[in-house]
Every structure is written in structure tokens, then in C-alpha cells.
Amino acid sequence: DVNMPSMDGYEVCRRLKEEPKTKDIPIIFVTSLTDAGDEERGFELGAGDYITKPVVPAIVQARVKVHLSASRRHTQLEEMVQKRTNELQELQHKLIYCLGKAGEHRDNETGAHVIRVGKSSEMLALAAGCDAQFAEKVLYASPMHDVGKIGIADHILLKPSKLSTEEFEIMKTHTTIGAEIVGDDLTGVAELTRSIVLGHHEKWNGSGYPSGLQGEAIPLECRIVAITDVFDALCSERPYKKAWPLGKVIEYFKTESGKHFDSELCQLFLALVPQVMALRKESPDE
């Protein structure tokens, strides 16, 4: 009813519509007020119907039935839309993941590197205080970090010795090639993917590539993947090197903290090393 003591029907409606648990319940005003302005106010507050007194119970019941039916259909449609959205997001995640593995297959037959980088990046994001939604995006986006390797010639990518200056300049283009593959005008995981692809070789002291970004100008997701990617690469065998012992890898990270890597993230990551090494056992290269 519109006219009630202490709190009128408009205020009840407003409060119900503010509460997540009650905002979708249909509301019908029953009132002796007949002014069009009163009725308009009720609809503006979210009422589904407006009945003036005196009322006929059968008509009230019929209108309640109509609004409940409409509400149920609306809920069903919302559930269908949400289900479809979830399916599309899952497909997007799978496509990004598969494309990342395709890039990694160029110089790592198993593609396990991208799996480990994804999971360890999620762990580091959570340790850094990021919310679960951001960490999940990093999980799905980071495996694409080296997708640009698809555009690097085999004689450079698979060279068993140190690259020449000219060859290294070509190798560095895998970041911009990858960004072109991912594309522009993106949102969600895809937007984060492009950021990581382009910026995971930037360094805290500004000596990285392709843009020479420095400090916090480097996006957080790129600073995270810079750490997890290098750690896993150093622990792994590559055409041009043997796997480093864990102690040597940890010493390297301590030395490069504040130079190559964000020192705060580096410290958090070193505390996660036991969990990260467990990932290597779960997803080995061979």
C-alpha cells in the first residue's frame, strides 16, 4: 500500500529494489491515490503495476499471476544469457590458451612452459593482493606471452648458440608481432592478453623492450609474467642452454630484483618457489 504509517509504500519499494536479494521481486502498488503523478512515481521506483482501490480480489490475483509469470520468464532469460556468456568466455579462454601453446611449440615441443607460466602467474597475482577475477584473467592470458614466436624464423628461434646483435633485434620483434596477432579494440581477457604479449620483456629499470617502459609504468600483469616466464625459462632446457640449478636461479632473481624485476613482486615470488617447483613436476617438459 502507498499510504502506510512510518514508512510509505514508495520507500518500501525503493529499499526492496536496492537489495540484491529482493530487487527482482515484482511489486504491485495498491492505493486509493488516483493522481497520475503518484502512479508515475511508483513506476519510476520500479513497480510492476499500480491498482487503485476499491480492488476486486480476483483481478488482483490475476495480475499477481501475470507478473510472477513475467518475472519467471525474465529470470529464465537472464540465466540463459549468463550461461551463453559463460560458454563464450570459456571458448575465448580455450582459444587463447591453444594459440599460446601453438606459439610455444615452435621451441618447446610439449608446450608445458605456457601451462606453468599461467598457473604461477595466477599464484603471484593472488600473492600480490589482486582480486580473484584479475588473477583468473592473468591465468588465461599469460600463456599467450610468446605467441609472436610464430613469426620468427627457425634459424633464429632454434639457434643452439647465442644470437648475434642483428638476430636478437629480430627476436625482439616477437612482442610486436604477437600484439598484432591479438589485435586492438579488445576487452576482458583479450585486452590483458595483448598487454602481456607486448610488455612481458619490459624491465623495471627501463632497459627492456619493445618500449623501454620503467617501474610502475609497466602494467602489473606484464611485471608478473616477466618474473614467471624468466624463472621457468631458466629452470628449463632450451636449444641454446642447459637448465640452471635452482640455487643459481634464485641468486639471479635476488641480483635482478629492482633491475629486471619489480622488487616487491620478486620477493613475493621467491616465497612461492616451493609451489612453483611443484608445478614443474605436475607439468614437466617431457
Side-chain angles (χ1 to χ4, degrees), residues 92-122 124 137-184 186 189-203 207-213 218-219 221-244 249 252 260-261 276 279-280 283-286:
Q92 182 191 50
H93 294 166
K94 286 181 178 178
L95 288 173
I96 289 172
Y97 208 71
C98 288
L99 192 53
K101 291 186 72 174
E104 183 61 18
H105 270 288
R106 293 295 312 285
D107 66 348
N108 178 359
E109 289 185 0
T110 67
H113 171 68
V114 299
I115 296 173
R116 296 191 297 261
V117 168
K119 291 181 178 179
S120 58
S121 294
E122 180 186 33
L124 181 53
K137 288 181 180 179
V138 172
L139 165 68
Y140 288 111
S142 54
M144 276 275 281
H145 64 279
D146 275 340
V147 69
K149 287 180 177 179
I150 291 173
I152 303 299
D154 284 351
H155 74 275
I156 294 175
L157 188 65
L158 303 178
K159 187 177 180 179
S161 57
K162 186 177 179 179
L163 298 177
S164 67
T165 301
E166 293 77 12
E167 289 170 335
F168 185 59
E169 288 301 314
I170 293 173
M171 175 64 83
K172 285 160 65 174
T173 64
H174 80 275
T175 55
T176 51
I177 291 171
E180 290 176 5
I181 291 172
V182 177
D184 296 312
L186 304 167
V189 174
E191 182 180 24
L192 206 70
T193 299
R194 188 181 192 281
S195 174
I196 290 171
V197 167
L198 191 60
H200 70 285
H201 282 293
E202 300 288 355
K203 295 183 178 181
S207 64
Y209 62 88
S211 302
L213 299 179
I218 305 169
E221 61 270 14
C222 300
R223 284 180 269 149
I224 288 172
V225 177
I227 290 173
T228 58
D229 178 35
V230 171
F231 183 89
D232 194 78
L234 292 178
C235 290
S236 304
E237 186 173 346
R238 289 290 185 265
Y240 52 88
K241 74 170 190 69
K242 296 292 184 179
W244 286 18
V249 176
Y252 175 81
H260 187 158
F261 309 117
V276 174
L279 287 176
R280 294 189 60 81
S283 302
D285 285 326
E286 296 179 359

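Treat the numbers as computed from the prediction; the structure is a model and nothing was measured. In what follows, every heavy atom counts, from backbone to side chain, and hydrogens, waters and symmetry copies are set aside.
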| message | With side chain to side chain contact (heavy atoms under 4.5 Å, CB included) as the test, pick out the partner of M144 among V225, V182, L192. | response |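 Among V225, V182, L192, the one meeting side chain to side chain contact (heavy atoms under 4.5 Å, CB included) with M144 is V182.
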| message | Any side-chain to backbone donor/acceptor pair from E202 onto G212? Under 3.5 Å, distance only. | response |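 It does hold such a pair.
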Just so I know, are the side chains of [X] and [Y] near enough to count as touching, which here means a heavy-atom distance under 4.5 Å?
X: V276; Y: R116; answer: no
X: T228; Y: K119; answer: no
X: V147; Y: V197; answer: yes
X: S142; Y: H200; answer: no
X: I196; Y: T193; answer: no
X: D146; Y: H201; answer: yes
X: F261; Y: F231; answer: no
X: H145; Y: S121; answer: no

| Partner residues of S195 under the side-chain contact (heavy atoms from CB on, under 4.5 Å) criterion, sequence neighbours left out |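 side-chain contact (heavy atoms from CB on, under 4.5 Å) list for S195, sorted by chain: P219, E221, C222.
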| task | Please name all residues satisfying side-chain contact (heavy atoms from CB on, under 4.5 Å) with A233, sequence neighbours left out, ordered by chain then number. | result | none
Of all the heavy-atom pairs spanning [X] and [Y], show the shortest one and how long it is.
X: T176; Y: T173; result: OG1-O, 3.0 Å
X: H155; Y: K159; result: O-CB, 3.4 Å
X: K241; Y: L234; result: NZ-O, 3.2 Å
X: A179; Y: L198; result: CB-CD1, 3.9 Å
X: I152; Y: I170; result: CD1-O, 3.4 Å

| task | Check step by step if side chain to side chain contact (heavy atoms under 4.5 Å, CB included) holds for E169 and L163. | result | CA-CA 9 Å; E169 288 301 314; L163 298 177; over 6 Å; no
Calculate, to the nearest 0.5 Å, the distance between atoms [atom1] and [atom2] belonging to [X] and [Y] respectively.
X: H260; Y: I227; atom1: NE2; atom2: CD1; value: 8.5 Å
X: R194; Y: E180; atom1: CZ; atom2: CD; value: 8.5 Å
X: K137; Y: E122; atom1: NZ; atom2: CD; value: 13.5 Å
X: R280; Y: S120; atom1: CZ; atom2: OG; value: 10.0 Å

| request: With side chain to side chain contact (heavy atoms under 4.5 Å, CB included) as the test, would you mind laying out the steps for K203 and I218 before giving the verdict? | output: CA-CA 8 Å; K203 295 183 178 181; I218 305 169; 5.7 Å; no
